[in-house]
Protein chains: 2
Amino acid sequence: MSLDKRKVKILKAIISSYIDNAEAVGSRTISKKYELGVSPATIRNEMSDLEDMGYLVQPHTSSGRIPTDKAYRYYVDDLWRKAKISKNPNLDQLMEIIEDKSNELDEIFKNSVRILSQFTKYTSFVVAPQYKQSVIKRIQLVPVSENKVLMLIILQTNIVKQVMLRLSRPIPYNQLEKISESLSEKMYGQRLEDIDKNKDSLIKELYYTRESNSDALMELLPYLMEHISRFEEVNVFSDGITNILELPEYNDVVKAREFISFVEDKTSVAKLLQYNGEEDLDICIGSENKNRELKDCSLITATYKFNGKLIGRIGVIGPTRMDYNNVISTVKSISDAINEIISLNFNGENKE
Amino acid sequence: MSLDKRKVKILKAIISSYIDNAEAVGSRTISKKYELGVSPATIRNEMSDLEDMGYLVQPHTSSGRIPTDKAYRYYVDDLWRKAKISKNPNLDQLMEIIEDKSNELDEIFKNSVRILSQFTKYTSFVVAPQYKQSVIKRIQLVPVSENKVLMLIILQTNIVKQVMLRLSRPIPYNQLEKISESLSEKMYGQRLEDIDKNKDSLIKELYYTRESNSDALMELLPYLMEHISRFEEVNVFSDGITNILELPEYNDVVKAREFISFVEDKTSVAKLLQYNGEEDLDICIGSENKNRELKDCSLITATYKFNGKLIGRIGVIGPTRMDYNNVISTVKSISDAINEIISLNFNGENKE
DNA sequence: GTTAGCACTCAATCGATGAGAGTGCTAACA
DNA sequence: TGTTAGCACTCTCATCGATTGAGTGCTAAC
């Protein structure tokens with residue numbers, strides 16, 4: 001038995017109908033709504049074949065049929081093969097919405113997931129990049145008040161991280177400048193990962209090569225180190241978690257709660273996006289997901305890059321019965337927009 | 001008919017039982033679980049009286065009774081009057097959790113609502129202060145790369161806001177210093193509100209009193225202005241919205257959805273917290289709320305202050321059947337902690 | 001004033017019933 | 001040989017009535 005043209009047509013009609021209504025579809029519905037030129041009886045025969053082939057299942061004997069994960073996989077691959085995924089044409093417009101005026105990477109990600117879940121009506125995530133591999137360009141101390149100094153850590157990528165330091169006693173302005181310089185000199189070109197690893201020996205080293213300003217410097221150093229350690233924390237942004245309450249499959253509060261407590265756990269989401277293949281665009285349907293909790297969900301993710309290096313993923317999670325066309329094109333468009341924004345605003349690691 | 005001692009005892013028992021179980025309570029339950037030394041029949045008579053007095057209602061003739069808003073009001077006032085609200089003793093510990101290492105006000109608020117909803121199991125909010133009244137102390141430009149400059153806006157309160165500027169052409173380092181100085185000079189002591197109002201005339205003024213570096217300055221100015229405008233946006237942080245799914249009163253997805261879409265709307269929440277009286281601690285029970293959507297909810301809010309000036313509110317929203325003792329003391333403790341942190345880290349408007 | 005006893009009320013539960021949607025099979029048809 | 005009309009069959013879902021049980025209100029006795 002093979003998937004001849006008519007079977008494909010019927011299968012697609014069933015999938016399409018089920019995506020729209022979340023209700024098992026019967027032969028009559030198909031023959032009425034989709035013009036196939038054959039009677040319900042014929043369609044019934046074909047549906048029976050499709051069931052044998054593993055594309056459909058019947059929840060119970062006298063109900064219509066619903067698509068299996070295999071059916072969705074076929075559907076998506078077909079869309080893909082025929083390049084039928086409609087491109088979202090408004091890349092510029094998207095970029096404008098996503099781009100943050102204050103140029104903070106975190107804000108860009110927050111905007112991205114917001115837009116993503118607004119467009120898809122599902123839950124969306126992004127894992128913010130970890131800065132392990134990042135390299136320090138310069139450290140600048142800015143006086144704020146008598147006993148407060150803002151420390152700016154400027155990375156090669158032009159990302160700026162800040163820590164506010166409280167001083168035990170004031171440091172004169174010109175001395176701050178000097179400390180900035182010597183800190184910058186010491187730290188220039190170092191990877192955060194390495195600094196974090198070797199912090200004890202670094203502190204010792206700085207201590208022994210002390211200069212006139214070293215007391216103040218030694219006071220500030222631990223703050224810098226602690227902040228660098230905190231860069232390592234995984235940061236996940238999500239949005240639209242409560243969107244699932246609109247879906248009939250989550251009409252049951254218990255089910256909704258299970259889903260929500262899974263996706264609210266940043267660790268599990270981070271894992272999900274982390275080990276999800278290296279493909280630029282990844283589509284994981286139902287039982288293809290490793291997590292048992294997601295066996296009724298599909299996960300569409302795309303990568304974003306920093307200087308050509310894959311660094312993180314953005315994605316949408318929804319029921320297997322999702323509007324793949326829309327979700328895939330939206331995820332793709334938004335990851336494109338993010339890549340564009342990053343390459344415009346944050347330079348490569350080793351350039352300059 | 002008056003609230004004699006026994007009636008009070010019974011009323012409190014009923015409220016307490018209903019808070020725990022969310023189920024209408026009957027006379028037998030009371031006589032068994034709470035030692036009152038009287039029979040169910042007697043309790044029934046008293047309950048009937050309490051119903052006449054408006055403290056209880058019966059969902060239907062043959063069910064137990066549930067407390068009315070009036071009952072909760074009595075209950076809370078009584079707790080209050082007798083200073084029975086247990087103080088959370090770990091102010092220091094709380095402060096440690098809430099205080100953010102990077103000293104960002106926003107992070108402090110995020111931590112606060114997180115802790116608040118963790119402790120109470122309800123939904124919590126905070127409205128971040130608007131900066132209208134804030135006064136600029138200094139503006140500092142920090143070079144980041146050839147064509148990027150970080151503009152730091154340092155307020156009298158020692159809050160630092162930042163904007164990343166993209167330059168059309170590089171500005172030499174020493175010129176940046178000069179621009180910082182002249183911008184600081186012009187802006188020093190000005191209220192953000194006033195700057196925002198008079199931005200056109202300010203730009204004009206700066207244009208006519210131009211100096212050698214004015215070209216670059218004029219390029220940067222619009223960015224500054226736009227960023228100042230954005231300070232005006234109300235910023236609401238919330239947490240624990242999905243906690244309500246654990247409550248039996250929201251077992252119905254439709255009800256849960258209604259609640260969630262109300263509290264996810266930042267505007268409505270901001271309004272809620274804004275016009276909610278000037279009391280340091282405010283308790284609004286059920287129908288006391290102006291919003292029809294919240295007629296089954298209670299709202300506990302507390303203020304926080306900047307330099308003695310009331311500036312925002314933090315609060316918890318939950319079912320009228322909430323554990324008032326715990327919620328009130330937690331809200332109070334956390335607002336205390338916030339006040340303490342703010343006064344330690346951010347100085348008053350007109351000091352220094 | 002308190003309480004035991006009892007009739008009464010009403011929501012929730014359970015089972016039976018019928019309607020409706022949909023199937024599979026068969027036989028007839030092009 | 002593929003298609004289709006017809007029909008018996010299956011299973012869910014909604015409805016209805018009976019039953020159960022928690023709880024009340026009233027009355028009469030203590």
Side-chain angles (χ1 to χ4, degrees), chain A residues 1-11 13-15 17-18 20-68 71 248-249 251-252, chain B residues 1-11 13-15 17-18 20-68 71 248-249 251-252:
Chain A
M1 204 161 16
S2 76
L3 263 189
D4 58 45
K5 230 168 170 179
R6 193 170 66 187
K7 280 199 177 59
V8 169
K9 243 181 169 173
I10 291 172
L11 180 58
I14 292 171
I15 294 174
S17 165
Y18 190 69
D20 287 348
N21 310 313
E23 268 167 28
V25 337
S27 54
R28 246 176 76 85
T29 317
I30 294 295
S31 90
K32 261 197 289 183
K33 282 211 292 190
Y34 304 82
E35 295 181 6
L36 292 163
V38 286
S39 77
T42 310
I43 293 173
R44 272 205 294 282
N45 290 331
E46 297 285 45
M47 282 166 89
S48 177
D49 289 352
L50 285 167
E51 184 169 358
D52 289 342
M53 294 163 81
Y55 291 105
L56 298 177
V57 277
Q58 257 181 315
H60 52 265
T61 348
S62 72
S63 80
R65 274 146 172 125
I66 60 177
T68 60
E249 32 268 89
N251 251 339
D252 178 21
Chain B
M1 204 158 19
S2 75
L3 264 188
D4 58 47
K5 230 168 172 179
R6 194 171 64 189
K7 280 197 176 61
V8 169
K9 243 180 171 173
I10 291 172
L11 181 57
I14 293 170
I15 293 174
S17 165
Y18 189 69
D20 287 349
N21 311 313
E23 268 167 28
V25 337
S27 54
R28 244 175 78 85
T29 317
I30 295 296
S31 90
K32 262 196 291 185
K33 280 210 295 187
Y34 303 82
E35 295 182 6
L36 292 164
V38 286
S39 77
T42 311
I43 293 172
R44 273 206 293 284
N45 290 330
E46 298 285 44
M47 282 168 89
S48 177
D49 289 352
L50 285 167
E51 184 168 1
D52 289 343
M53 295 163 81
Y55 291 105
L56 299 175
V57 277
Q58 257 179 315
H60 53 265
T61 347
S62 72
S63 80
R65 274 145 171 126
I66 61 177
T68 60
E249 32 270 87
N251 250 339
D252 179 21

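Protein chains get the first letters and strands the later ones, always in sequence-line order, with residue 1 at the start of each.
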K.L.:
Tell me the closest heavy-atom pair linking A:S17 and A:V25, and the distance in Å.
P.N.:
OG-CG1, 3.4 Å
K.L.:
CD of B:E51 versus C1' of D:dG23: gap in Å, rounded?
P.N.:
13 Å
K.L.:
Taking CG from A:D49 and C1' from C:dG24, how many angstroms apart are they, rounded to a whole number?
P.N.:
13 Å
K.L.:
Mind calculating the distance between CD (A:E23) and C1' (C:dG20) to the nearest angstrom?
P.N.:
14 Å
K.L.:
What integer distance in Å separates B:K7:NZ from C:dT2:P?
P.N.:
10 Å
K.L.:
Rounded to whole Å, please give me the gap between CZ in A:R6 and C1' in D:dT1.
P.N.:
12 Å
K.L.:
Can you figure out which of C:dG22, D:dG25, D:dT4 approaches the side chain of B:Q58 most closely?
P.N.:
D:dG25
K.L.:
With a 4.0 Å cut-off on heavy atoms, is B:S63 in touch with a base, just the backbone sugar-phosphate, or nothing at all?
P.N.:
sugar-phosphate
K.L.:
Please report, rounded to the nearest Å, how far the C1' atom of D:dT24 is from the CD1 atom of B:I30.
P.N.:
15 Å
K.L.:
Once you round to the nearest 0.5 Å, how far does CD1 of B:I14 lie from OG1 of B:T29?
P.N.:
9.5 Å
K.L.:
In this structure, how many angstroms lie between the P atom of D:dG23 and the OH atom of B:Y18, rounded?
P.N.:
14 Å
K.L.:
Between C:dT2, D:dG25, C:dT23, which nucleotide gets closest to the side-chain atoms of B:T42?
P.N.:
C:dT2
K.L.:
How would you summarise protein contacts on nucleotides 9-19 of chain C per nucleotide, using B for base, S for sugar-phosphate only and - for none, with heavy-atom distances below 4.0 Å?
P.N.:
BBS--------
K.L.:
Starting the side chain at C-beta, find the nucleotide from C:dT23, D:dT4, C:dT3 nearest to A:R65.
P.N.:
C:dT23
K.L.:
Enter the distance from B:I30:CD1 to B:R28:CZ here, rounded to the nearest 0.5 Å.
P.N.:
12.5 Å
K.L.:
Starting at CE of A:M47 and ending at C1' of C:dT23, how long is that distance when rounded to a whole Å?
P.N.:
9 Å
K.L.:
When only distance counts, do a donor and an acceptor, one from the side chain of A:R44 and one from the base of D:dG6, lie under 3.5 Å apart?
P.N.:
yes
K.L.:
Give the C-alpha distance, both sets of side-chain angles, the deciding distance and a yes or no for side chain to side chain contact (heavy atoms under 4.5 Å, CB included) between A:S31 and A:R44.
P.N.:
CA-CA 10 Å; A:S31 90; A:R44 272 205 294 282; over 6 Å; no
K.L.:
Could you work out which one of D:dG23, C:dG24, D:dT4 sits closest to the side chain of A:S39?
P.N.:
D:dT4
K.L.:
Where do A:G64 and A:P59 come nearest, in terms of heavy atoms and distance?
P.N.:
O-CD, 3.4 Å
K.L.:
Name the stems that DNA chain D belongs to, where each is three or more consecutive Watson-Crick or G-U pairs with both distances under 3.5 Å?
P.N.:
C:1-30 with D:1-30
K.L.:
Strictly distance-based, threshold 3.5 Å: is any side-chain N or O of B:T68 a donor or acceptor partner for the main-chain N or O of B:G54?
P.N.:
yes
K.L.:
Under 3.5 Å, side chain of B:Q58 to main-chain N/O of B:S63, donor-acceptor pair present?
P.N.:
yes
K.L.:
Checking side chain to side chain contact (heavy atoms under 4.5 Å, CB included) for the pair B:E46/B:V38: CA distance, chi angles, key distance, verdict?
P.N.:
CA-CA 11 Å; B:E46 298 285 44; B:V38 286; over 6 Å; no
K.L.:
Would you indicate whether A:E23, at its atom CD, is surrounded by more than 12 heavy atoms from other residues, nucleotides or ligands within a distance under 6.0 Å?
P.N.:
no
